[in-house]
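Only a predicted model underlies this, so the values are computations on that prediction, with no experimental measurement involved.
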Protein chains: 2
Amino acid sequence: MSARQVTLAEVARQAGVSLATASRVLNGSTRQVSGDLSERVLRTAEELGYVPNASAQALARNSSSLVGLVVHDITDPYFSCIAAGVTRVAEEAGLVVVLGTTGRRPEREAELLSTLRAHRARAVVLAGSRTTDRAAQARLAAEIDAFTEQGGRVACVSQAKLGTDTVVPGNRAGGRALARALAGLGHKKFAVLGGPSELVVARDRLAGFKAGLADAGVAPPVVVNGAFTRDGGYEAALELLASKSRATCVFAVTDVMAMGAMAALRERGVRVPEDMSIAGFDDIPTLRDTVPALSTVRLPLEEMGEIAAGLVLDGGRDEARTVRVAGEVVLRASTAHN
Amino acid sequence: MSARQVTLAEVARQAGVSLATASRVLNGSTRQVSGDLSERVLRTAEELGYVPNASAQALARNSSSLVGLVVHDITDPYFSCIAAGVTRVAEEAGLVVVLGTTGRRPEREAELLSTLRAHRARAVVLAGSRTTDRAAQARLAAEIDAFTEQGGRVACVSQAKLGTDTVVPGNRAGGRALARALAGLGHKKFAVLGGPSELVVARDRLAGFKAGLADAGVAPPVVVNGAFTRDGGYEAALELLASKSRATCVFAVTDVMAMGAMAALRERGVRVPEDMSIAGFDDIPTLRDTVPALSTVRLPLEEMGEIAAGLVLDGGRDEARTVRVAGEVVLRASTAHN
DNA sequence: GCGTGGCCGGAAAGCGCTTTCCAGTGCTGC
DNA sequence: GCAGCACTGGAAAGCGCTTTCCGGCCACGC
């Protein structure tokens, strides 16, 4: 139990070389070490089962091999897809990802950033959606500043933050294109299941959708707001039904919300798409296989995670970069002609 | 840019106390510090925006605040639910979780453990399923030993590993109960979409299912193996259909596989449950809302993650503990009477 | 009144590594 | 043949923190 860990010093002693030499061999510094010694060190390290102490390295080098990833809820396919992209890139780069979940509490985001800063994470990907809550936003901005000042890089997914690299999906454009496509199906009365109004993602998608309807000369939609979750979609759909709206097509600003909404419609005996067409946004994998398959705006989620990780790890230029990824309207069985 | 980080020494100097005192105030050691000094330190720390360097702390204390979590694919709801449970508990305990993904490559598991060991993670939760590949298993066992010898704790979910705490779902019992329930629906010919034969989870569920059929006096099922993924289920289902089996009910050893299987059946015009009943295992949240809703064996996935994290973080007794969690058969619309 | 604890502050010795600086060696070039 | 250089190995100074140990102080007991 607790057999003391093998240290570099032991390896060095065992191999009959200095600490410096052992260090140089085992981490590939710029300095050369003769093949002879080098091999001896390698061999003893192997024999002793030496594993470098990452904390000590981080301390000595003043930089760790940690990359932070902050999401609201890892259970949500939107986030888990992004997480998959981020981890893939990080692991390829030999880094380790630290997963933080906020549970959608804005203050947690700042807390996590602070923790990550304590760990001297070299970068962090913020995948949460931006809130418009002033205080939380200021606190977060301060943490981001502190983090970058300390030499770390920050990238955001789908929420531009001052001075950070960002991957922004075409929320507005996607919403707009979707609206036109749906209007093209002949629908005249639309409803939108919007997210909480303080989320810019939700607002952008909604704004785009409205613009698209306007393009098509269709009346503005009824909007019902709900939480950005499956249950939020469920509740919002019930509320919509209760309102006796005459909508024939409903747009949920998120696939996950659409999922909840479909459950609500089904429970109330509203057939999709016969009685009501429904579309979402994101194209999370699970909803491609459902019946009816969900019409949506496809976002390359894993790729977005990869891009974000790439931005944040590529040694970093100074100015903030923004990468836009386009959404692609995919009409499936959940939307019908009207 | 890179404004040097505030260190404890600066706080101490600024507050006019020694390093020791500052440290004692800011981390709550066993030693008391007079209210006067204490407050002064706290205040300066606050003013300067001091954040302790986690690497330095880890080094000095010889223990970090990292908890590892190893999964195959964070995108898979099974794993993301477990991950949610683990992160919740870890974050409550003030720890930080490091997410490692294996992409189902057995050797990655050992690699990740080694990395985690380098970081002196204080514990790790292994949520991957055990392989029967001898070499990989030995390598993994060695890493687990090394990890525990170094003072870290290891817990496994659903795979007993020598000397580790384990959370084991009732795979066999669940499979058995499900088989009986399905037989009770009147089905006589069964098929099973099994996972890769080297996964004990898959084998246990299958074995339980067979036992349950035997209990009910029903003939053994046709078994088709596929990968433990949505696509694996899809392929296996196609293979099953091609085999012209007369099965009226199929059990996919995993909900995710069932999802793929349902897609395959649908494509081939096989109606569920009219032409074919189908059941899964796990009860991942997304499949409760689909049409038809999937019959399955419910496992409290998030709770399993919480339990695993709890086991591994509770200061640890010496002998390995095992917590069993029962699966509960839930029949929904995807299975019909025959 | 003085010895004996109990407390609290501070000095300093690490924790395991990286990296700078210095010393020694063998070459090259004239 | 020797100055100068490139190159390699080692000693040692940190990195930012924790913790042991020591010294000073006060309160107490006899």
So which protein N/O to nucleotides 10-15 of chain D N/O distances come out below 3.5 Å?
{"from": "D:dG10", "atom 1": "OP2", "to": "A:S18", "atom 2": "N", "distance (Å)": "3.0"}
{"from": "D:dG10", "atom 1": "OP2", "to": "A:S18", "atom 2": "OG", "distance (Å)": "3.4"}
{"from": "D:dG10", "atom 1": "OP2", "to": "A:T21", "atom 2": "OG1", "distance (Å)": "2.7"}
{"from": "D:dG10", "atom 1": "N7", "to": "A:R24", "atom 2": "NH2", "distance (Å)": "2.7"}
{"from": "D:dG10", "atom 1": "O6", "to": "A:R24", "atom 2": "NH1", "distance (Å)": "3.4"}
{"from": "D:dG10", "atom 1": "O6", "to": "A:R24", "atom 2": "NH2", "distance (Å)": "3.1"}

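Here A:S18 pairs with A:T21 under the side chain to side chain donor-acceptor pair (under 3.5 Å) rule; sequence neighbours left out. Checked against side chain to side chain contact (heavy atoms under 4.5 Å, CB included), B:A142 has no partners two or more places apart in sequence or in another chain. Applying the side chain to side chain contact (heavy atoms under 4.5 Å, CB included) test to B:T115 and every residue at least two apart in sequence or in another chain returns A:V96, B:H119.
For B:Q5 and D:dC17, the CD to P distance is 8 Å, given to the nearest whole Å. To the nearest angstrom, P of C:dG9 lies 9 Å from CD of B:Q32. Atom CZ in A:R120 sits about 9 Å away from atom C1' in D:dG16, given to the nearest Å.
Across its full length, the helix from C:dG1-D:dC30 to C:dC30-D:dG1 shows an angle of 40° between the axes of its 5 terminal pairs at either end, rounded to 10 degrees.
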ask   = Is there a side chain to side chain contact (heavy atoms under 4.5 Å, CB included) between A:E302 and B:T75 once you walk through the steps?
value = CA-CA 9 Å; A:E302 285 204 31; B:T75 268; 4.1 Å; yes
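Judged as a salt bridge (Lys or Arg N to Asp or Glu O under 4.0 Å), the pairs with a partner in residues 65-82 of chain A (not counting sequence neighbours) are, in order, A:D76-A:R104.
Looking only at distances, no side-chain donor or acceptor of B:R117 sits under 3.5 Å from a matching main-chain atom of B:A146. Without hydrogens or angle criteria, B:R120 side chain to B:S63 main chain gives no donor-acceptor distance under 3.5 Å.
Partner of A:R153 under the side-chain hydrogen bond (donor to acceptor under 3.5 Å, both in side chains) criterion, chosen from A:D314, A:T164, A:T148, A:D165: A:D165.
Distances shorter than 4.0 Å separate none of the side-chain N or O atoms of B:Q57 from OP1 or OP2 on D:dG16. For the OP1/OP2 pair of C:dG9 and a distance below 4.0 Å, the side-chain nitrogens and oxygens of B:S34 include at least one atom meeting the criterion. Between B:S23 and D:dT18 there is a side-chain polar atom (N or O) within less than 4.0 angstrom of OP1 or OP2.
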